[in-house]
Each structure stands twice: as C-alpha cells, then as structure tokens.
Colleague: 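Take this structure, written in structure tokens, and hold onto it; I'll ask about it next.
We're numbering straight along the sequence, starting at 1.
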Amino acid sequence: MSAPSLQARYTLPADVEAKRLHAVDQLYQLDTEPEERFERVTSMARCALGVPMAAVSLLTSDRQWFKQCDGLDIDCSVARGQTVCQAVIARAYDDEADALLVLEDTWESEFADLPAIRSEGGIRFYAGYPLRGPGGHAVGTFCVYDTRPRSLDAGQRQTFIELARWAERELQRSDDLERAAAVQRQLLPSPLGDLPGYTVQALCVPAFAVGGDFYDHYPVPGGAVFTIADVMGKGLGAAILTATVRSALRGASRMVHHVGAQGDIAEAVNSVAHQIADDLASTDSFVTLVHLKLHTADGVLDYVDAGHGFAAHVSADAVVTPLRGNGLPLGILPDETWSSHRVTLGPGESIVLASDGVLDLVSDGCDVRPALRFIAEHRDPVQLCNRVQALVADNPGLDDVTLVAIGREPTG
C-alpha cells in the first residue's frame with residue numbers, strides 16, 4: 001500500500017484530530033532538547049527486549065518528531081505519512097483494536113514500501129504503543145525496532161507496555177510542570193498602572209520550569225505595597241509554598257491597610273508567619289522576604305526584612321547602601337516577631353530588592369560588594385532590569401532570579 005493510501009486510511013476525523021493536536025501542543029515538548037529521563041526509558045527497552053533501536057516520539061499534523069531516538073540513523077523528524085506510528089495513533093481511537101501494534105516482519109505488512117523499511121538495513125521488526133497526553137488523547141508513540149524479523153513473547157509484551165507507560169508518565173509530568181509554570185506566571189502582578197512620580201520595574205525568571213521566588217505589588221491608599229520573597233528549595237514543592245505565602249501576605253497586608261495610615265506593615269508579616277508556621281514546619285522549609293509600603297506623597301518607605309539579605313537604597317549620586325534589617329526568615333523560630341524600619345526615597349533615588357539568583361549573576365559567592373557596584377552602574381530601574389535579563393539569557397544559572405526596582409523621578 002502506498003504512503004498516500006496509508007495516510008488516508010489512518011486519518012482521524014477532523015474534530016478528533018484537532019483535539020489531539022491541541023493535546024500535543026499542551027505538552028510544550030515539540031522541538032525541545034533530548035532529556036535523560038526519556039533516555040533512561042529507551043535504554044531500558046533496548047536492554048530488556050534485546051533490540052537495537054527505541055524511540056519516544058510525538059505526532060503532529062504532518063510529521064513524527066522524536067523526543068528521544070536511540071540507535072536510529074535518522075533526522076529528528078520524518079513525514080507522518082512515511083511512518084508506521086500513524087497506524088498506532090489511529091488504533092488508539094479504535095475501541096476494538098489492540099493498542100499494541102507488533103509487526104514481526106515488516107516486509108510482510110502493508111508498510112513494506114515505506115522508505116525506512118525498504119532501504120538497505122531498514123526496519124524489519126516494529127512494535128509501537130500509543131502515549132496519551134492531556135484529555136487522554138494519543139499524542140505520540142513509544143517504539144522499538146530491529147533490522148531482522150523477530151517476535152515478542154507474552155512477558156516481553158508486558159515489559160514493553162510497562163516501559164511505554166513509564167514514557168507516558170514522563171510526558172504527562174512535562175505537562176503538569178508547564179501548567180504549574182503557566183499558573184505561576186499568571187500570579188505575577190500586572191504592571192502598576194498609576195504611580196505618578198515613580199518608575200517600577202520587576203522581573204522573575206525561574207531557574208527551572210517553576211521556582212521558589214516571587215514578587216508582588218499592588219496599590220493601596222496613599223501609595224503601593226511591594227514584596228519580594230524566596231522559599232527555600234526549587235521546583236514544584238517550592239512553587240506550591242510560594243503561592244501559599246503570596247496569598248496569605250496579600251490578605252494580611254490588606255487587612256492592615258484597612259486600619260489606615262497608622263497600620264504597621266510588620267503586623268502583616270507577623271500574621272503570615274503565624275498562619276503558615278505549621279506548613280513550614282511540616283515541610284521543613286523557610287521563607288526569606290522583604291515587604292514594604294511606599295508612601296508616594298513624600299517617598300517614605302516602611303519595610304520589613306525577614307532574613308532576605310539583599311535590599312539596597314541608591315542615592316541620586318549613585319551611593320548604594322544596603323537597607324538595615326536583622327530579622328530571621330519565616331519558619332526558623334516559631335515565636336519570632338518582626339518589626340518595621342523606615343527609609344526615605346528622595347527625588348532621583350531608587351530602592352532595589354533582589355534574590356540570591358541576582359547575586360550569583362554579578363557577585364562571587366556571598367560578597368555583596370560587586371552587586372552593589374553593579375547597581376550603582378545601572379541606577380535606572382528599566383536599565384537595571386534589562387541588564388539583569390540579558391545576563392540571565394547569557395548565563396542561565398541554578399537559582400531563580402527575581403528583582404524589583406522602584407525609582408523616584410527627579411524634580412525639575
């Protein structure tokens with residue numbers, strides 16, 4: 001059977017195919033680099049089944065793209081109509097078909113004329129199993145190949161299916177992480193739209209798909225509230241805790257500001273520390289943060305530093321002074337309390353709040369002096385964030401990079 005005839009035979013209904021392709025897109029895996037977690041599956045398959053070739057692939061509307069391809073001398077993708085895997089995808093939607101497709105001798109199959117089979121040293125044995133993604137749709141295949149005819153006994157078939165399900169779990173884990181990353185990005189605040197006389201710039205770049213850093217800001221009567229925080233750890237666990245801390249601190253801060261101008265922002269931090277004490281204890285974690293309120297009329301900043309360690313005031317003549325703060329991180333001592341401090345932001349001055357990831361980019365170890373010089377050289381908040389963004393792009397690190405810069409515009 002020719003390739004066009006094969007493709008016609010294994011074409012899914014348009015509505016099903018549209019949903020399937022959407023599921024492929026939701027994985028955010030197409031054209032990404034190979035990963036060790038998939039290589040472990042293909043390596044195990046080659047060893048356990050005694051085959052020279054194994055692959056994990058995704059099928060788009062027009063191509064089969066290989067996330068992992070071991071032993072196959074091909075490019076990273078082939079035309080979908082030239083693959084056996086198109087049949088595996090179609091069979092996944094046939095209630096009466098066995099999901100596992102095994103061709104003991106491809107020369108004796110309907111796929112005998114495909115280039116990968118009829119070429120010298122081509123594929124003579126094929127086994128493929130569908131990999132399901134979002135919505136249960138068949139997004140790709142797990143396959144093993146051999147250059148000679150062979151068969152799989154019952155035990156080998158079960159082993160192959162278990163390995164395919166392992167690969168499927170890895171794909172689904174990619175989807176879960178990307179969904180979590182999307183939610184975390186959406187939780188970052190929109191730019192402050194109306195803060196006359198001030199410029200605010202911020203960025204948050206996780207080292208991995210999701211991170212343990214966050215920043216927040218929102219207007220309150222008479223000014224705005226800003227937070228930068230770092231939850232110990234990385235990945236999904238830290239991301240869950242960051243969402244908890246952000247939500248709790250927003251709620252506590254708004255309660256304080258309902259009190260009016262006399263409310264102390266330290267009350268919000270103390271309240272949150274009490275609320276999440278059990279969560280931090282049970283997860284053996286802690287949180288560093290700087291929480292501050294800007295009074296826009298006079299530039300007064302009330303702030304709490306809970307062990308964050310890097311916040312600096314930049315004068316109009318480029319003198320950079322670390323903000324005073326000696327509080328412990330949240331979660332270290334159960335009965336710890338925090339107090340607020342005050343600094344005034346004059347015309348042409350700025351405040352910079354940064355995470356450890358920024359220090360790693362511009363400093364050597366724990367020495368903050370290079371970071372202070374770096375800030376002095378990039379006093380403008382926009383320029384500072386752009387420069388840090390460029391450094392992250394050139395030197396991706398192992399720590400999240402988060403920065404908030406608040407500048408008061410010069411007078412005159």
Colleague: Just wondering, do Leu103 and Thr106 contact through their side chains at under 4.5 Å, heavy atoms?
Modeller: yes
Colleague: Salt bridge check, Arg342 against Asp302: does any charged N sit closer than 4.0 Å to a carboxylate O?
Modeller: yes
Colleague: What pairs meet the side-chain hydrogen bond (donor to acceptor under 3.5 Å, both in side chains) rule with one or both residues in residues 12-22, with sequence neighbours excluded?
Modeller: Glu17-Arg20, Glu17-Arg80
Colleague: Go through the structure and list residues passing side-chain contact (heavy atoms from CB on, under 4.5 Å) with Ile161, not counting sequence neighbours.
Modeller: Leu100, Tyr129, Arg165
Colleague: Let's go through Arg9 and Glu110 carefully: what are the C-alpha distance in whole Å and the side-chain angles of both, what is the deciding distance for side-chain contact (heavy atoms from CB on, under 4.5 Å) to 0.1 Å, and is it a yes or a no?
Modeller: CA-CA 11 Å; Arg9 176 176 176 181; Glu110 62 183 315; 2.6 Å; yes
Colleague: Return the OG1 to CD distance between Thr199 and Gln383, rounded to the nearest 0.5 Å.
Modeller: 13.0 Å
Colleague: Scan for side-chain hydrogen bond (donor to acceptor under 3.5 Å, both in side chains) pairs involving residues 133-147, sequence neighbours excluded, and state none if there are none.
Modeller: Ser57-Thr141, Tyr93-His137
Colleague: With distance as the sole criterion, is a donor-acceptor pair present between the side chains of Ser271 and Gln275 under 3.5 Å?
Modeller: yes
Colleague: Look only at the side chain of Ser247 and the backbone of Ala243, and say whether a donor-acceptor pair between them is shorter than 3.5 Å.
Modeller: no
Colleague: So do the side chains of Leu323 and Asp305 get within less than 4.5 Å of each other, counting heavy atoms only?
Modeller: no
Colleague: Test your reading of the model: is there a side-chain donor-acceptor pair from His308 to the backbone of Ala354, 3.5 Å cut-off?
Modeller: yes
Colleague: Distance from Ile332 atom CD1 to Thr288 atom OG1, nearest 0.5 Å?
Modeller: 10.0 Å
Colleague: Applying salt bridge (Lys or Arg N to Asp or Glu O under 4.0 Å) as the test, list every pair that has at least one member in residues 40-69; sequence neighbours left out.
Modeller: Asp31-Arg63, Glu35-Lys67, Glu36-Arg40
Colleague: Would you tell me whether His313 and Thr321 have side-chain atoms, one donor and one acceptor, within less than 3.5 Å of each other?
Modeller: no
Colleague: Tell me the salt bridge (Lys or Arg N to Asp or Glu O under 4.0 Å) pairs involving residues 377-388, sequence neighbours left out?
Modeller: none
Colleague: Should Ser355 and Leu403 be marked as a side-chain contact (heavy atoms from CB on, under 4.5 Å) after you check the CA-CA gap, both sets of side-chain angles, and the distance that decides it?
Modeller: CA-CA 7 Å; Ser355 68; Leu403 178 73; over 6 Å; no
Colleague: Can you measure from CD1 (Ile375) to OG (Ser350) and round to the nearest 0.5 angstrom?
Modeller: 8.0 Å
Colleague: Looking at Arg246 and Thr227, would you say the former's side chain and the latter's main chain have a donor-acceptor pair under 3.5 Å?
Modeller: no
Colleague: Would you say Val225 and Ile265 make side-chain contact, with heavy atoms under 4.5 Å?
Modeller: no
Colleague: Suppose we screen for ring-ring contact (aromatic ring centres under 6.0 Å, His included). Which residues come up paired with Tyr303, at least two apart in sequence or across chains?
Modeller: His341
Colleague: Of all residues at least two apart in sequence or in a different chain, which pass the salt bridge (charged side-chain N to carboxylate O under 4.0 Å, His left out) check with Arg250?
Modeller: Asp216
Colleague: Nearest 0.5 Å please: distance from the CD1 atom of Ile406 over to the OG1 atom of Thr296.
Modeller: 12.0 Å
Colleague: Starting from the C-alpha separation in whole Å, work towards a yes-or-no answer on side-chain contact (heavy atoms from CB on, under 4.5 Å) for Leu294 and Leu195.
Modeller: CA-CA 10 Å; Leu294 168 65; Leu195 207 63; 4.3 Å; yes
Colleague: So, for Cys69 and Ala55, which heavy atoms are closest and what is the spacing to 0.1 Å?
Modeller: CA-CB, 4.3 Å
Colleague: Report the distance from atom CG of Leu30 to atom CG of Leu59, rounding to the nearest 0.5 Å.
Modeller: 10.0 Å
Colleague: Considering only heavy atoms from C-beta outward, does the side chain of Val358 approach that of Thr402 to under 4.5 Å?
Modeller: no
Colleague: Does a side-chain heavy-atom distance below 4.5 Å link Phe286 with Leu330?
Modeller: no
Colleague: Are Glu170 and Arg37 within salt-bridge range, i.e. N to O under 4.0 Å?
Modeller: yes
Colleague: Compare all side-chain heavy atoms of Phe111 with those of Leu114 and state whether any distance is below 4.5 angstrom.
Modeller: yes
Colleague: Does atom CG of Asp278 have more than 12 heavy-atom neighbours from other groups under 6.0 Å away?
Modeller: no
Colleague: Who passes side-chain contact (heavy atoms from CB on, under 4.5 Å) against Gln68, sequence neighbours left out?
Modeller: Pro34, Phe38, Glu39, Thr42, Val56, Asp70
Colleague: Which heavy atom of Gln389 sits nearest a heavy atom of Leu203, and at what distance?
Modeller: OE1-CD2, 4.0 Å
Colleague: Rounded to the nearest 0.5 Å, how far does CG of Leu131 lie from CZ of Phe142?
Modeller: 8.0 Å
Colleague: Would Trp166 and Met44 count as a side-chain contact (heavy atoms from CB on, under 4.5 Å) here? Give the steps.
Modeller: CA-CA 11 Å; Trp166 179 8; Met44 181 69 73; 4.3 Å; yes
Colleague: Do you know which two heavy atoms are closest between Ala371 and Leu359, and how far apart they sit?
Modeller: CB-CD2, 3.5 Å
Colleague: Would you call Leu289 and Asp230 a side-chain contact if the rule is heavy atoms closer than 4.5 Å?
Modeller: no
Colleague: Any idea which heavy atoms bring Leu21 and Thr60 closest together, and the distance?
Modeller: CD2-C, 3.6 Å
Colleague: Give every residue pair that meets the side-chain hydrogen bond (donor to acceptor under 3.5 Å, both in side chains) criterion with at least one member in residues 331-340, sequence neighbours excluded.
Modeller: Asp264-Ser340
Colleague: Under the ring-ring contact (aromatic ring centres under 6.0 Å, His included) test, which residues partner Phe214, sequence neighbours left out?
Modeller: none
Colleague: Check Cys385 against Gln201 and note the closest heavy-atom contact, atom names and distance.
Modeller: SG-CB, 3.6 Å
Colleague: Quick check against the 3.5 Å criterion: does Gln172 have a side-chain atom that pairs as donor or acceptor with the backbone of Arg169?
Modeller: no
Colleague: Testing Asp213, Val287, Val231 for side-chain contact (heavy atoms from CB on, under 4.5 Å) with Thr242, which one passes?
Modeller: Val231
Colleague: Go through the structure and list residues passing ring-ring contact (aromatic ring centres under 6.0 Å, His included) with Tyr215, not counting sequence neighbours.
Modeller: His217
Colleague: Do side-chain atoms of Gln156 reach the backbone of Asp153 as a donor and acceptor pair under 3.5 angstrom?
Modeller: yes
Colleague: Might you point out which heavy atoms bring Val205 and Val392 nearest each other, and give the distance in Å?
Modeller: CG1-CG1, 3.8 Å
Colleague: Is any side-chain heavy atom of Val88 closer than 4.5 Å to one of Tyr126?
Modeller: yes
Colleague: Can you sort out the partners of Phe374 under ring-ring contact (aromatic ring centres under 6.0 Å, His included), two or more places apart, ordered by chain and number?
Modeller: His378
